[in-house]
Protein chains: 2
Amino acid sequence: MQLGALRSHNTALVLDLLRTAGPEGISRLELAERTGLTPQAISKITARLRENGLAAEAGRRASTGGKPRTVLRLVPEAGHAVGVHLDRDELTAVLCDLTGGVVARHRTPLDLGAGAETVVERVVGEAGELAAGAGRPGAVLGVGVALPGPLDHRRGVLHRVTGFPELNGFPLRDVLARRLSLPVVVDKDTNAAALGLAVGGETASVTSFAYLHFGAGVGGGLVLGGAVHRGARTGAGEFGHQVVQLDGPPCECGNRGCVEALCLAAVARGDVAEAARVLGTAVGNLVALLDVDLVLLGGRTVAAAPETFVRGVAAVLHERARRAGGDAVPVRVASGGEGREGGGDGEGGVGGAGGERAGRGEHGVAEGAAQLLLAPLFGRADG
Amino acid sequence: MQLGALRSHNTALVLDLLRTAGPEGISRLELAERTGLTPQAISKITARLRENGLAAEAGRRASTGGKPRTVLRLVPEAGHAVGVHLDRDELTAVLCDLTGGVVARHRTPLDLGAGAETVVERVVGEAGELAAGAGRPGAVLGVGVALPGPLDHRRGVLHRVTGFPELNGFPLRDVLARRLSLPVVVDKDTNAAALGLAVGGETASVTSFAYLHFGAGVGGGLVLGGAVHRGARTGAGEFGHQVVQLDGPPCECGNRGCVEALCLAAVARGDVAEAARVLGTAVGNLVALLDVDLVLLGGRTVAAAPETFVRGVAAVLHERARRAGGDAVPVRVASGGEGREGGGDGEGGVGGAGGERAGRGEHGVAEGAAQLLLAPLFGRADG
DNA sequence: CCCACTTTCGCAACGCTGTTGCCAAAGTGC
DNA sequence: GCACTTTGGCAACAGCGTTGCGAAAGTGGG
């Protein structure tokens, strides 16, 4: 590691604390305490940030007997990122500011099966339009794209978008980057959702958690040590096809007794409590294996009966924890990141409103996709 | 991060490369390439290491037309660590040098249920004796202790040593540290085994893997991103009680359908192939969830029929990978770290020989325990 | 054998990092 | 109004890796 890397590391540390502090801001001395750096170093770093327009002074605190502390805050408009969520039948694009707040949102129907060229054309159109609305062109850091199915996050190549084999092997990242002349990052939708939750306020005091999605299928995203765990081949988080019943009923994937198959079957016959119990068993396995701090549930099937799922999963975890003599890991519904919505509703709200998203149980996948570009600024690059 | 942290980071990087290179050594320029630092920086760092006696010149390579490269190597005797493995009925203690090579080994029967004070007394005796044999007293970095059952790695407090509730809550680390006047680290036995494998040659090109142990019970240790993943409460790696059969036969832990219960039952009725298949199913879940690079199997039940287990587990993984259209993760038997045994067999070989260990399927837990002290030197601290 | 050439590696000067010492600024409280 | 406390910037500093340059130690052609 070189000297310059140290500088950007510490700058990222400070930026992350500024982001976490939100609009109320944070004082220099508190930054010093939290980072372990001296107040002088913080002064230098924040002076650079203020020169670049990334930070600004925001009033002062009450005095405690001496000169009152000056409060610093992140300037949200100093940078933007576009996030695109490609779902099977829909495209959602958002423009986020530095804090992750949504400045503009657009949603349109899309047939993912219409072929790579059509999809690219649509993404280029939507992302380009949003990026153009971000003021200065240089202020857009890049475009994050989240879509279902296994893919290679590092190379940005699609592998097996579930149900759309014609997209296999398509180098989405490079094609989009060339067309948009912007940095592009692609990732699985569940990873993007998990990343969005990781930088959201909901997981503030938590360093590792699992986000489990139950919508049309069952999937998951893992955050370990503050960063999304993608594994060697970006294949981590395949939660839906965890086998919890040896030689159980066959699943579409070819295995038998997968969580997804069992849960879908239970829901189909109206037994939501049983679906929650099965899900809870798989979640219990995950918690035992990884010892995460928190479990977040999402997806529209969960959203249809949130209490049932939270209670059912928590019951399994509590029972296991009770026998093991420890405390159970908390289970919550992922709130979808609302409440941090930035201003500018009238500016670009072409498509649906935020409320509708929660109704579908899509917990800010597009916002999480934008975080693929924003998170590295705050030292949240993956391991 | 301060400036001094940068220095120790880069020093650790260099030390790790020196360790990996083994007795053949590595040249300064190669160190520069592998670390990304300039040759000058490497010269400075290695000069410090040579002053401290940690590194030494070890001949030179053939010339390629100019001055031949000087080869540097780690000086194994520059530091030692004691590793202690507390098993249910046996205590194994080793003295390891900087490279992890075993300098002395001692094994004696021990009743873990004899109470905390007795156990402490025995560990103090064995570890103290080995530490005294390491030449200069200051050359011993500390003592690592590995034992079964959940515990708090950070505080060094035992939680629920399986089968020995009288040890619950005992602050083993602090008590031992005071008695030995040495730094002490405690960890789960499976974590120690995984750490030992992580620094061994077997996983050289691999950044994340799972070690799964099938002995008297089933357990596991995870290495993600080169460091042992312990989770928030050091509870990660609980592999034995992954449920793979909903409402299956009851397990001692109180759950139903645990891997351990199913595998033990299969072995008891002589159906080792079925045990391997069940284990493979759970391993398949783990691989899907974490996308590790490698699966290593160990433990004396595996050692009794290694081919059957490797083939059985690999078959499940291959079948899943085939349907998913990817390559299967390789499965191997953990070799137990033999072959890196340092010299000095006659010096301290009071107890059993190394070969016996492999026969029991205990893959260097004591050596891994010693690595709890050694690994941080090489930048392998956990996240 | 000698000399040109290549490659390695250390010394010295440098730019940049965070740190330390000191002082001005800006409050509180008697 | 003055002593005191606390904040935060300026200047000098030690230490990091980098750059420039030259000595050391080989190879290979004449």
Side-chain angles (χ1 to χ4, degrees), chain A residues 1-18 21 24-52 54-74 379, chain B residues 1-18 21 24-52 54-73 377 379:
Chain A
M1 183 182 289
Q2 281 123 304
L3 210 62
L6 182 64
R7 172 174 170 162
S8 46
H9 172 91
N10 286 338
T11 305
L13 236 54
V14 170
L15 277 174
D16 193 41
L17 288 172
L18 284 171
E24 304 104 48
I26 184 172
S27 75
R28 285 183 181 78
L29 268 85
E30 202 175 342
L31 287 170
E33 284 170 22
R34 302 275 291 269
T35 57
L37 296 172
T38 57
Q40 256 335 299
I42 297 295
S43 277
K44 280 191 186 176
I45 292 169
T46 54
R48 277 200 303 267
L49 292 176
R50 284 188 300 159
E51 276 180 24
N52 302 344
L54 287 169
E57 298 198 346
R60 27 187 69 180
R61 289 214 200 290
S63 166
T64 60
K67 178 175 176 177
R69 304 184 174 184
T70 317
V71 171
L72 300 170
R73 63 171 181 86
L74 199 61
Chain B
M1 184 183 288
Q2 281 122 305
L3 238 145
L6 183 63
R7 171 172 170 163
S8 45
H9 173 91
N10 286 337
T11 305
L13 237 52
V14 169
L15 277 174
D16 193 41
L17 289 172
L18 285 171
E24 305 105 47
I26 183 172
S27 74
R28 285 182 181 78
L29 270 87
E30 203 175 341
L31 287 170
E33 285 170 21
R34 303 275 291 268
T35 57
L37 296 172
T38 57
Q40 254 341 294
I42 297 294
S43 278
K44 280 191 185 177
I45 293 170
T46 55
R48 277 199 303 267
L49 292 176
R50 284 189 299 161
E51 276 179 25
N52 303 344
L54 288 169
E57 299 198 345
R60 27 188 69 181
R61 289 213 200 292
S63 165
T64 60
K67 178 175 175 177
R69 303 183 173 185
T70 316
V71 171
L72 300 170
R73 64 171 179 84
L377 285 181

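Just so we're on the same page: letters track the sequence lines, and every chain starts at 1.
Remark: B:Thr38 is not in phosphate contact with D:dG17, judged by side-chain N or O atoms under 4.0 Å from OP1 or OP2. For A:Asn10 and C:dG18, the shortest distance from a side-chain N or O to OP1 or OP2 is below 4.0 Å. An OP1 or OP2 oxygen of C:dT6 is reached within less than 4.0 angstrom by no side-chain nitrogen or oxygen of B:Ser63. When the side-chain nitrogen and oxygen atoms of A:Ser43 are compared with OP1 and OP2 of D:dG9, one or more of them lie within a distance under 4.0 Å.
B:Arg73 and B:Gly25 make their closest contact through CB-CA, 4.1 Å (heavy atoms, listed as atom of the first residue, atom of the second, distance). Residues A:Pro68 and A:Ala62 approach most closely at CB-C, 4.4 Å, considering heavy atoms.
Nearest-nucleotide positions on DNA chain C for A:Pro39 and A:Thr64 put A:Pro39 closer to the 5' end. Residue-to-nucleotide proximity on DNA chain D shows that, of A:Val71 and A:Met1, the 5′-proximal contact is made by A:Val71. Each of A:Thr70 and B:Leu3 was assigned the nucleotide of DNA chain D with the nearest heavy atom; the assignment lying further toward the 5' end belongs to A:Thr70.
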Please step through side-chain contact (heavy atoms from CB on, under 4.5 Å) for the pair A:Leu54 and A:Leu18, ending with a clear verdict.
CA-CA 10 Å; A:Leu54 287 169; A:Leu18 284 171; over 6 Å; no
Dump the intermediate steps for side-chain contact (heavy atoms from CB on, under 4.5 Å) on A:Leu13 and A:Leu37, then the final yes or no.
CA-CA 10 Å; A:Leu13 236 54; A:Leu37 296 172; 5.6 Å; no
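Between A:Val71 and A:Glu57, the closest side-chain pair of non-hydrogen atoms is not below 4.5 Å. The closest side-chain heavy-atom distance from A:Leu49 to A:Leu15 is below 4.5 Å. Put simply, the side chain of B:Asn10 reaches to within 4.5 Å of the side chain of B:Leu6, judged on heavy atoms. Side chains of B:Val14 and B:Leu72 form no contact here, defined as non-hydrogen atoms less than 4.5 Å apart.
Between the side chain of A:Lys44 and the base of C:dG18, a donor-acceptor pair under 3.5 Å is found. Under 3.5 Å, the side chain of B:Gln40 and the base of C:dG10 form at least one donor-acceptor pair of N or O atoms.
A:Arg69 places its CZ atom 5 Å from the P atom of D:dT7, with the value rounded to the nearest Å. Across the protein-nucleic acid pair, A:Glu57 atom CD and D:dT7 atom C1' stand 12 Å apart, rounded to whole Å. If you measure from atom CZ of B:Arg7 to atom P of C:dT19, you get 16 Å, rounded to the nearest angstrom. For the pair B:Ile42 CD1 and D:dT19 C1', the computed distance is 16 Å after rounding to whole Å. Going from atom CD of A:Glu51 over to atom C1' of D:dG9 covers 14 Å, rounded to whole Å. Here the P atom of nucleotide C:dC16 and the CG atom of B:Leu6 are 16 Å apart, to the nearest Å. Distance B:Ile45 CD1 to D:dG15 P: 16 Å, rounded to the nearest Å.
Within a heavy-atom distance below 4.0 Å of DNA chain D, no residue of residues 25-35 of chain B is found.
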Restricting to nitrogen or oxygen on both sides, can you table the protein-nucleotides 23-25 of chain D pairs closer than 3.5 Å?
unit_1, atom_1, unit_2, atom_2, d
D:dA25, N3, B:Lys67, N, 3.4

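Contact annotation for A:Gln2: backbone-only contact, meaning every heavy-atom pair under 4.0 Å involves sugar-phosphate atoms and none involves a base.
A:Ile42 contributes atom CD1, which lies 11.0 Å from atom CD of A:Glu30 (distance to the nearest 0.5 angstrom).
Taking a cutoff of 4.0 Å between a charged side-chain nitrogen and a carboxylate oxygen, A:Glu24 and A:Arg61 do not qualify as a salt bridge.
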